[in-house]
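Read through the structure below, which is laid out as structure tokens, and then see the notes.
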Amino acid sequence: MIWGGIELRVEVGPGVPRQLPPELVEALVSVQVSGTTGKRGGFQVTFRLDKGGTLETLWLPGFELEPFLTRVLIEVRVQGTWHRLMDGVLVKHDLSPSNEPGRSTLTLTGEDLTALMDLIDLTGVPYPYVPTYGRVLAILGKYATYGVIPGVAPDPRMFVDFACTNIQKGTDYAYILKMAEDLGYVFHMDFDRFGNHSVAYLGPELWFTMPSLPALTVNMGVHSNVDELTFSFDGRKKSTHVVWMQESTSKVVFPIPIPTLEGVFGPVFGTKPQAMRRIVQSQGTIDPTRPAELAKKIGGLLLKSQDAVTGSGSLDVMRYGHVLRERSRVGVRGASQTYDGTYVVSSVQHKLKPGESYRQSFTLTRSGRSTGSPNEEVMI
């Protein structure tokens, strides 16, 4: 189907999703998809519920719309290229009957495939002498039938983490998130660049592998391609973490500030980074003679991103000419020398309706201000 010059494809069904029949394509009212770095992606698909139609007589009473059994794929084609916005599962549906003919609606609400990992509490499952890398692979292997491929970065603590028995706490999703937090890693589904598969990625946020998108242009007359764009700088975002060391045989306690490795794995855009004004102390003490305890405590602090600059705005995709995606790099120009330059897209919301343009709301982040030089990377 074509809405506002954009070709949209929605596939729904238990197990392997299939394209909607013509009657449901005609009944489609709106599609919304949201994606945020560090959070689970979600979607809402709304249909007009015609009395005696396919939705009311076949899909609702049957298994076509069974929560957690129904897969949903949402794709758009812009400038001849298909972009998969969502590969997820139905979580719930909401019926809104109306006394006015043609006003009744059925809304399907769902989340990406990590929702399947958050259903069963598996607290107590042991992983004897298995490092983080192996535990994550073992967990993700259970979801291969859904087309999930593991993409797991090596664990720098592997040798100290190997020599102990780890016990799972919570659901698979909660346990993976906890392991990611301990390492300073991220965990998310990437379903746009790998054909019919979704890659469950656990690893550092590698800014140099992020796709580059053309610049968002504001305040430049006919060359502007965004409807609105605002920026905020928060001096409280940056902080130095301090851990307290104490050997088991000594009463001496001494503080150790933990530096951040921002710029090695995480993005640092802007030549004027914010000074670290806040000091955060860790709870308890660490014995430096116990490498496993030390690695677990400071591992997540080394790679923790601290973005003091945020931007938010909205755009018309046809005017911009590209699909803005979370975890991408994008340039900004026309916003002043302080806020021009390169950013990371941290969140995007896609909104599609028949007869209206394909719109996106977005949030940008970076750690510092000022491009400093007109030669700083800005994707045109």
Side-chain angles (χ1 to χ4, degrees), residues 37-39 123-136 139 152-171 173-187 202-207 233-268 270 272-310 365-369:
T37 302
K39 295 182 179 180
T123 298
V125 174
Y127 291 92
Y129 309 109
V130 180
T132 301
Y133 180 87
R135 280 177 277 157
V136 175
I139 291 172
V152 185
D155 182 354
R157 311 171 311 169
M158 182 177 295
F159 296 103
V160 297
D161 200 26
F162 181 79
C164 59
T165 297
N166 294 280
I167 305 297
Q168 179 167 339
K169 295 181 180 180
T171 63
Y173 183 67
Y175 190 47
I176 291 178
L177 284 184
K178 183 61 171 65
M179 290 188 282
E181 181 184 359
D182 290 343
L183 286 166
Y185 282 1
V186 295
F187 176 66
L202 177 78
E205 194 72 274
L206 302 175
W207 65 268
F233 172 72
D234 190 344
R236 300 168 296 180
K237 289 288 186 178
K238 293 284 189 174
S239 59
T240 299
H241 291 266
V242 175
V243 298
W244 293 92
M245 302 286 187
Q246 181 181 22
E247 292 187 19
S248 57
T249 58
S250 172
K251 295 184 179 181
V252 178
V253 180
F254 54 95
I256 298 293
I258 305 300
T260 177
L261 296 182
E262 242 181 3
V264 178
F265 296 107
V268 175
K272 186 180 179 182
Q274 167 63 11
M276 295 187 180
R277 306 293 185 185
R278 300 172 60 241
I279 297 178
V280 180
Q281 299 187 41
S282 66
Q283 299 295 320
T285 61
I286 302 174
D287 187 346
T289 63
R290 297 180 178 178
E293 181 182 350
L294 181 64
K296 184 176 182 179
K297 188 69 176 180
I298 71 174
L301 300 177
L302 291 174
L303 300 181
K304 192 172 183 179
S305 178
Q306 302 181 50
D307 296 318
V309 180
T310 59
T365 59
R366 75 179 185 189
S367 60
R369 294 169 290 170

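Each residue takes its place number in the sequence, starting with 1. Just the heavy atoms: all of them, side chains too, but no hydrogens, waters or symmetry mates, feed the values below.
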side-chain hydrogen bond (donor to acceptor under 3.5 Å, both in side chains) partners for Tyr175, two or more places apart: Arg135
Inter-residue atom distance Gln168.CD - Ile139.CD1, 0.5 Å rounding: 4.5 Å
Nearest heavy atoms of Ala180 and Leu202, plus distance in Å: CB-CD1, 3.3 Å
Partners meeting side chain to side chain contact (heavy atoms under 4.5 Å, CB included) with Thr37 (sequence neighbours left out): Glu205, Glu326, Arg327, Ser346
Minimum heavy-atom distance Ala153-Tyr133, with the two atoms named: O-CD1, 3.7 Å
